[in-house]
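Working notes, structure below.
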Amino acid sequence: QVQLVESGGGLVQAGGSLRLSCATSGLTFNIMSTLGWFRQAPGKERGFVSKISPLVSITDYVDFVKGRFTIDTDNAKKTVYLQMNSLKPEDTAVYYCAAGRGGFSRPVFDSWGQGTQVTVSS
């Protein structure tokens, strides 16, 4: 059974940093695996933030986090991270970790964590 558990959210002032973690279990990292971060702000739909292919270490980001957020993995720990710097109030959301299959270009994300709240105060 696949499980993803996020942690590291919290309240931070604008300009600050947070590092989210997502511990996975029941997953096998292979060339077709992709791990991702998504977020959902109040009243908005869940949207893509970043993804990574853990074995190849290729990454992708939504434009409005490029240069501020960094995704990486510790494959030995089966954990994916999202380092978030220069946080803005508009980054406030519940952040979700997801595991996908089918390759990096168009992964199907079919396993999700429960989410962790990030709140950025102005």
Side-chain angles (χ1 to χ4, degrees):
Q1 183 179 358
V2 175
Q3 287 189 320
L4 297 90
V5 180
E6 301 97 333
S7 61
L11 174 63
V12 64
Q13 288 188 333
S17 299
L18 283 174
R19 184 170 173 82
L20 305 184
S21 300
C22 174
T24 75
S25 60
L27 278 178
T28 299
F29 286 7
N30 58 47
I31 198 67
M32 300 299 284
S33 301
T34 303
L35 297 170
W37 287 97
F38 294 73
R39 71 187 191 186
Q40 186 168 19
K44 295 187 177 181
E45 293 187 351
R46 188 177 302 186
F48 169 77
V49 175
S50 180
K51 63 180 178 179
I52 184 169
S53 174
L55 295 191
V56 185
S57 293
I58 50 175
T59 60
D60 189 25
Y61 300 89
V62 68
D63 284 347
F64 52 78
V65 306
K66 286 181 180 177
R68 300 190 298 124
F69 290 11
T70 303
I71 188 172
D72 65 344
T73 63
D74 182 330
N75 291 346
K77 295 182 179 179
K78 295 286 183 72
T79 299
V80 58
Y81 304 95
L82 186 68
Q83 177 67 42
M84 305 187 295
N85 299 328
S86 302
L87 282 162
K88 305 174 181 180
E90 51 263 44
D91 293 318
T92 295
V94 178
Y95 284 71
Y96 296 91
C97 156
R101 52 186 172 81
F104 185 78
S105 295
R106 292 184 179 273
V108 175
F109 288 101
D110 52 6
S111 297
W112 295 83
Q114 82 288 349
T116 186
Q117 176 70 48
V118 172
T119 303
V120 185
S121 63
S122 56

Review point. Which atoms form the tightest heavy-atom contact between A14 and S122, and what is the distance?
Key: CB-CA, 4.3 Å

Point to revise | Heavy-atom side-chain proximity of M84 to Y95 below 4.5 angstrom | key: yes

Review point. Minimum heavy-atom separation for T79 to A23, with atom names?
Key: OG1-CA, 3.9 Å

Review point. Tell me, do F29 and T24 make a side-chain contact under 4.5 Å, heavy atoms counted?
Key: yes

**Study point:** Shortest non-hydrogen separation from L27 to A99 and the atoms involved
**Key:** CD1-CB, 3.7 Å

Practice item. To the nearest 0.5 angstrom, please state how far the CG atom of N85 sits from the CZ atom of R19. Key: 10.0 Å

Point to revise | Main-chain N/O of V5 paired to Q114 side chain as donor or acceptor, under 3.5 Å | key: no

**Study point:** Pairing of D91 and K88 as salt bridge, 4.0 angstrom limit
**Key:** no

Review point. Roughly how far, to the nearest 0.5 Å, is the OG atom of S25 from the CD atom of Q1?
Key: 8.0 Å

Check your understanding: Mind checking whether V12 and Y81 sit in one hydrophobic cluster, side chains of I, L, V, M, F, W, Y counted as touching below 4.5 Å?
Key -> no

Point to revise | Any side-chain heavy-atom pair of Q83 and S17 under 4.5 Å | key: yes

Point to revise | Closest heavy-atom pair and its distance - S86, R68 | key: O-NH1, 3.0 Å

**Study point:** R106 side, atom CZ; T34 side, atom OG1 - distance, nearest 0.5 Å
**Key:** 13.0 Å

**Study point:** Minimum-distance pair of heavy atoms, taken over all atoms of W37 and I71
**Key:** CD1-CD1, 3.6 Å

Revision key, fill the gap. Closest non-hydrogen atoms of G26 and V2, given as atom of the first, atom of the second and distance, are O-CG2, 3.6 Å

**Study point:** Donor-acceptor side-chain pairing of T28 and N30 below 3.5 angstrom
**Key:** no

Exercise for review: Please examine the side chains of Y96 and L4, heavy atoms only from C-beta on, and report whether any two atoms are closer than 4.5 Å.
Suggested key: no

For residues 43-59, which side-chain donor-acceptor pairs fall under 3.5 Å, sequence neighbours excluded?
residue: S50; atom: OG; partner: D60; partner atom: O; Å: 2.9
residue: K51; atom: NZ; partner: F104; partner atom: O; Å: 2.6
residue: K51; atom: NZ; partner: S105; partner atom: O; Å: 3.4

Practice item. Spell out, yes or no, whether F64 and F69 are grouped together once hydrophobic residues are joined by side-chain heavy atoms under 4.5 Å, including indirect joins. Key: yes

Practice item. Decide yes or no for T92 and Q117: does some side-chain heavy atom of the first lie under 4.5 Å from some side-chain heavy atom of the second? Key: yes

Point to revise | Distance flag, aromatic centroids of F38 and W112, threshold under 6.0 Å | key: yes

Practice item. Look only at the side chain of E6 and the backbone of C97, and say whether a donor-acceptor pair between them is shorter than 3.5 Å. Key: yes

